[in-house]
Each structure stands twice: as C-alpha cells, then as structure tokens.
Amino acid sequence: MTESPEQEYEPGDVAVIGMSCRAPGAATKEQFWDNLVHGRETVSFLSKDEIMVDETLIHSPYYVRACGVLDGYDRFDPTVFGISDRMAHAMTPENRLFLESAWEALEDGGYDPDRVEAEVGVYGANNPQTAALYSSPPDRVSVGPEAIEASLAWSPDTMTSNALYYMGLTGEAVTLAAVCAGFHYAVHMACQSLLLGQTDLAIAGGAMVRLPHPRGHLWEENRVLSKDGHCRPFDANGTGTALSSGVVTLLLKPAAQAVADRDHIYAVVKGSAVNNNGVSAMAYGLAQPERLSACIAGAMEVGGVSPDTVSMYEANGLGLPITDELEVHAATMAFGKQTGISSIGGVKGNVGHGGVVSGGFGTMKAVMSLYHRKLARTVNLTDVNPDLDFPSTPFLPQLESADWRPESGIRRAGITSIGGGGYNAHLVLEEPPAATEREPEAAGRPRLAVLSAMDDEALAAQRARLRERLLADPGLRLDDVVFSLAMGRRVMDRRWAAVVRSREELIDVLACGASGGRAVTTADAPQVEAESFRHTDGGITLPDGDLSALPALAAAWVGGRRVDFAALHAGEAGHRVPLPTYPFRPRRFWRTDW
C-alpha cells in the first residue's frame with residue numbers, strides 16, 4: 001500500500017477493516033476477485049434434471065435454465081456457535097449464511113468476539129420471502145416456548161440479533177428490507193451509527209438465497225430477466241439478467257480510530273446516500289434519473305468528493321437497454337462536465353443479480369479494485385449500446401482488466417444500487433491509506449504462534465491454510481501474523497502452538513505439525529507449573545518479559561491455561577493483518593416440516 005498518495009481523513013470517513021463474500025463460483029473474497037480479474041462468468045446453465053421445481057414451466061420455450069448457484073446454501077456449522085442441530089434446522093439459510101459471514105468478517109479484521117468489549121452494531125438485509133419458502137413455523141401464540149425459540153431463529157427480522165447473540169456480542173441489531181438496494185442501506189445505516197457514536201464497530205451486509213434453489217426463470221419481453229441467461233451490461237444486445245444468491249458482509253470502524261488501532265484497511269467509505277423516487281417515478285419500480293442523480297451527487301457531497309476524482313463507477317447495470325440508459329443518464333447528470341474520465345462496469349455480467357446482496361457484489365468488486373489498484377473487465381460487453389452515447393458522458397466502458405492509474409492521483413469509486421419500489425442508494429469509496437514507515441522486525445527474536453479449533457481436523461486445516469497464505473504473500477511480517485493470531489481468533493479446545501524466529505521457520509513447522517519439539521499440540525502438551533509465570537487479570541504471561549519462557553508458555557496454553565496475549569504483546573507495534581478465517585465444517589440442515 002506504500003504507493004498511495006498522502007491522504008487527509010475527515011471525521012466522517014469510515015474504514016472497511018474486514019470482509020467476507022460468498023458468491024456463485026466463489027467461496028471466498030479472494031476467489032471472487034480472481035473470477036473478476038480473469039473475466040469469468042459464474043452463472044450456471046442447468047440441465048433439466050438439476051431443476052427440481054417449475055415442472056409446469058420448464059418445457060416452455062421461454063423458460064431460461066440459468067441461475068447463479070450458491071454452493072453450500074443448505075449447509076452450516078452450528079458447533080462453532082454453540083447452536084443445537086434442532087435449532088440449526090429451524091434457521092433459514094439466510095440466517096445461517098449471514099451468521100457465518102459476520103464471523104468471517106470479524107476474524108478477517110483481526111477481532112475475537114470473546115475479547116471485543118466495544119458496542120458492535122449489526123445491520124443486514126435479507127429477503128423476507130425466503131423464510132416463507134423455506135418452511136413457515138407454527139403460530140407462536142398458541143404453542144410453547146420451544147416453538148417460539150425456533151421461530152425466532154427462523155424469522156427474517158432476527159437475522160442480525162441472532163448474529164449478535166450467537167457470537168456473544170452486544171450492540172445494535174437492525175434487519176432491514178429495501179429490496180435490491182438492501183446492502184447499500186445496511187452500510188449507510190452502519191456508517192451513520194458509527195459516526196453518531198452509537199456503536200464502536202459495525203458489521204453491515206446482506207444475504208440472499210433464492211428458493212427453491214437452483215432454478216431458472218421465465219423470460220418476458222421488456223422485463224429485467226435475460227432471454228438467454230447472460231447479463232450484458234451496456235451491450236446493445238442485452239436483454240436483462242439472471243438471478244443469483246450470495247452473502248457479503250463488511251466490518252466497519254471510523255477511519256481515524258482504525259488507523260490509531262493499527263487495523264488493516266481495505267478501503268474507506270467517504271460518503272453514502274439513499275433516497276426513493278416516490279410519486280415522481282417514471283413507472284413504479286423503474287429508475288427515475290433526477291432522483292437517482294440526486295442520490296449519487298448527495299453521496300459525493302457528503303464525502304466532500306469532487307466528481308473528477310471518482311475514476312471508477314460500478315453501475316447497477318441490469319443489462320437491459322432501457323434501465324442502463326436511465327442509469328447512465330442519471331450518473332452523467334450527477335458527475336456533470338469534468339475533465340476526469342471514469343471507468344464504468346457492472347458485476348452482474350459475472351454473477352447475475354443477487355437481489356438484496358447485489359449491491360454487496362458491486363461493493364466487494366470496488367473494494368478489491370481499490371485494494372489491488374486494478375480495474376476488472378466487464379464481461380459479456382462486446383457491442384457497446386450506441387444509444388448510451390458514452391463519448392458525451394464522463395464514462396468509459398471497462399472492456400479489459402487493467403492497472404488503475406487515475407488522472408487525479410487518488411483512487412475513488414462510486415457504487416450504485418437500485419431497488420424496485422423506487423429505492424436508490426450510492427456509496428463513494430476511497431483507496432486505503434498509505435502504510436506508515438515501520439522499523440524492520442528484530443531478526444531472530446522468538447515469537448509465539450498459536451492456532452485453535454473445535455477438533456483436530458479443523459486444526460489441521462488451520463495449519464494448512466495459514467501456510468498457504470504465508471507462501472502466497474511474502475510481504476507478511478511475522479510480528480503482524482503472530483499478533484493477529486493471538487488477538488484476533490477465538491480460543492477453542494484443540495490447540496497448536498510453536499515458538500519460531502522467522503517466517504520461514506513458521507512455514508516449515510506448520511507443514512510438519514508437532515515435530516522436533518518446535519511445536520506442541522493438545523494431544524502431546526506437557527504439564528507446566530503455572531507458578532513460574534506472571535499472573536494478570538487476563539491470565540498468565542511471561543515473567544518480566546523473559547523470552548526464554550515462551551516454550552513453557554506455549555505448552556501451558558495448549559494444555560488449557562488462559563494466556564494474557566494482550567500483556568504478551570504489550571509495547572509492540574504489531575498490526576492486524578487478514579489471515580485465513582475459521583475452516584467451518586458444514587453439514588446439511590434442511591427443514592421440510594415442524
């Protein structure tokens with residue numbers, strides 16, 4: 001991140017410090033980004049045998065067997081959250097996905113829910129129809145406490161409060177419905193709460209599982225669903241989009257505080273705005289250019305951002321000529337006449353239309369573009385619609401992936417989300433701050449690396465994934481890695497620890513597990529006398545900073561003792577860095593009756 005220009009942050013800036021994404025063809029945010037930069041379309045084209053519903057429609061010549069399939073939509077790992085199998089069956093797939101995604105975003109940001117003392121706001125959008133399609137619970141007025149408890153797990157309203165409860169957090173929980181603009185509305189509300197001081201950390205996102213899943217759609221002339229299943233944003237041959245499912249969550253914190261806390265920052269939210277067309281709409285559910293333009297301009301004004309510094313515009317981009325024309329017209333009015341040129345693209349060409357999480361897919365694309373300083377190509381755009389008249393706008397279609405070199409000297413992106421019923425929403429994001437100069441790591445200093453999991457299989461997966469991450473990113477510092485592992489992961493029953501003096505040594509010992517006395521696991525932890533350590537309110541720690549006692553401390557922790565990692569790392573300058581999140585071991589949970 002050292003190439004970023006000098007940036008001054010305003011009191012209203014909010015940092016994105018953690019993320020989670022599951023989308024068609026991508027189980028992680030890294031896979032999602034890899035698909036984008038390589039121009040992969042991940043909408044599936046199903047065989048008739050794969051579609052278990054729509055028997056009366058599937059033989060119609062207008063039935064399109066296209067769907068953004070979400071792998072694992074019916075699977076869940078309840079053990080991590082202390083949830084019974086009975087309750088896991090009761091929870092809707094959106095409730096389950098959002099809970100796991102919120103956990104991943106928190107871990108990606110380097111925070112252990114057990115040690116978060118702050119107020120955490122959770123804001124999420126879902127599809128209220130999903131719960132009814134999954135399985136409606138009995139009337140809770142006439143049944144006992146057990147059914148009431150199950151119905152709260154099932155309810156779309158309690159998706160966010162369930163996340164707080166099962167992660168052991170306190171704060172504000174708001175589940176909202178703003179149709180396809182839901183993700184943006186969740187981020188907008190989260191930023192407001194942070195800036196008002198109502199919360200210290202915020203998780204914002206959306207979850208969408210289209211049920212039954214998977215299934216296609218019935219094409220109708222001049223509707224938003226594609227005739228051939230492909231979404232072609234800004235293309236003369238576009239006929240709409242396909243439907244898809246997924247989940248995206250962001251972990252947010254005021255930018256100044258994130259910098260002070262040495263958090264890892266992916267991007268900064270400069271401004272957000274929402275509005276509704278109301279009675280002024282051209283047609284109910286259709287974008288109204290003047291209102292959408294006001295929303296886009298409002299987000300830039302809130303963030304103090306000049307339009308000529310926004311060099312990426314991620315459009316709602318349904319791939320239907322009339323809606324694309326309305327959006328480009330609205331965005332052009334908002335940007336006005338300027339010398340800067342903005343790349344324009346649409347992620348629906350890759351993953352289809354994810355309903356309430358569609359804005360999340362666009363936001364994830366923008367954040368990763370800012371973070372990697374790269375613009376991803378717009379897939380299925382081969383014949384630019386001449387009616388869009390791009391030469392007379394500030395926008396240039398992004399036809400190929402390319403390095404992002406803005407004329408203004410700073411990378412900023414605008415992301416639009418439009419929902420049926422007149423909902424408009426826009427976010428303005430900025431690249432992360434430049435990394436501050438740091439002293440080199442002390443060569444040869446012993447450090448304690450720790451991992452834990454619910455069982456030995458998950459623990460082995462932890463070691464393998466961490467080793468892959470270290471091999472893939474040689475820029476990761478050992479002090480940051482051990483700090484993030486110690487402070488940013490919940491401590492579980494099965495444990496592994498090693499005392500290492502270099503990245504290379506850690507990579508080696510992760511490969512061989514407990515070998516040669518360099519690592520210790522729960523199965524072979526020796527007994528250690530606790531009296532030899534210094535005791536604090538947080539547990540045991542080194543006596544007077546005696547590094548020679550690190551192996552004994554490692555053994556004590558693996559043996560079940562509570563270690564005060566905050567005291568262990570006191571006085572150091574370790575930064576939180578994104579590392580592999582918990583390897584959930586999901587099982588299928590599906591309710592057909594109560």
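Side chains included, hydrogens not; waters and symmetry mates left out as well; all remaining heavy atoms used.
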Verify, without hydrogens or angle tests, whether [X] (side chain) and [Y] (backbone) share a donor-acceptor contact under 3.5 angstrom.
X      : Y      : value
Thr92  : Asn95  : yes
His426 : Ile415 : yes
Tyr134 : Pro93  : no
Ser155 : Asp157 : yes
Asn127 : Gly355 : no
Thr241 : Leu318 : no
Asn126 : Glu94  : no

Rounded to the nearest 0.5 Å, what's the gap from [atom1] on [X] to [atom2] on [Y]? Could you check?
X      : Y      : atom1 : atom2 : value
Phe98  : Arg22  : CZ    : CZ    : 12.0 Å
Leu218 : Arg223 : CG    : CZ    : 11.5 Å
Thr378 : Asp235 : OG1   : CG    : 10.5 Å
Lys29  : Tyr266 : NZ    : OH    : 3.5 Å
Met19  : Glu104 : CE    : CD    : 12.0 Å

Identify whether the distance between the nearest side-chain nitrogen and carboxylate oxygen of Arg215 and Asp54 falls below 4.0 Å.
yes
I'd like to know if Arg587 pairs up with Asp85 as an ion pair, taking the criterion as any Lys NZ or Arg NE/NH1/NH2 lying under 4.0 Å from an Asp or Glu carboxylate oxygen.
yes
Is the NZ or CZ atom of Lys374 positioned over Trp404's six-membered ring, under 6.0 angstrom from the centre and within 45° of the axis?
no
For Asp455 and Arg494, run salt bridge (charged side-chain N to carboxylate O under 4.0 Å, His left out): C-alpha distance rounded to whole Å, both residues' side-chain angles, the deciding distance at 0.1 Å, then the answer.
CA-CA 6 Å; Asp455 53 57; Arg494 306 302 289 181; over 6 Å; no
Yes or no on side chain to side chain contact (heavy atoms under 4.5 Å, CB included) for Arg377 and Leu399, after CA distance, side-chain angles and deciding distance?
CA-CA 5 Å; Arg377 60 170 290 205; Leu399 301 178; over 6 Å; no
Quick check, are the ring centers of [X] and [Y] under 6.0 angstrom apart?
X      : Y      : answer
Tyr185 : Tyr423 : yes
Trp103 : Tyr111 : no
His89  : Trp590 : no
Tyr63  : Trp219 : no

Salt bridge (charged side-chain N to carboxylate O under 4.0 Å, His left out) involving Asp387 - partner list, sequence neighbours excluded
none
Taking CG in Asp493 as the centre, count heavy atoms belonging to other residues, nucleotides or ligands within less than 6.0 Å. Is the count above 12?
no
With side chains defined as the heavy atoms from C-beta onward, is the minimum distance between Ile58 and Lys48 less than 4.5 Å?
yes
Could you tell me whether the side chain of Leu225 reaches within less than 4.5 Å of the side chain of Glu220, counting heavy atoms only?
no
Will you find, in the side chains of Thr581 and Glu107, an N or O donor that is under 3.5 Å from an N or O acceptor?
no
Pair Thr158, Tyr165: side-chain N/O donor-acceptor within cut-off below 3.5 Å
no
Take Arg588 and Asp74 through the salt bridge (charged side-chain N to carboxylate O under 4.0 Å, His left out) test and state the conclusion after the steps.
CA-CA 6 Å; Arg588 189 172 194 270; Asp74 56 349; 2.7 Å; yes
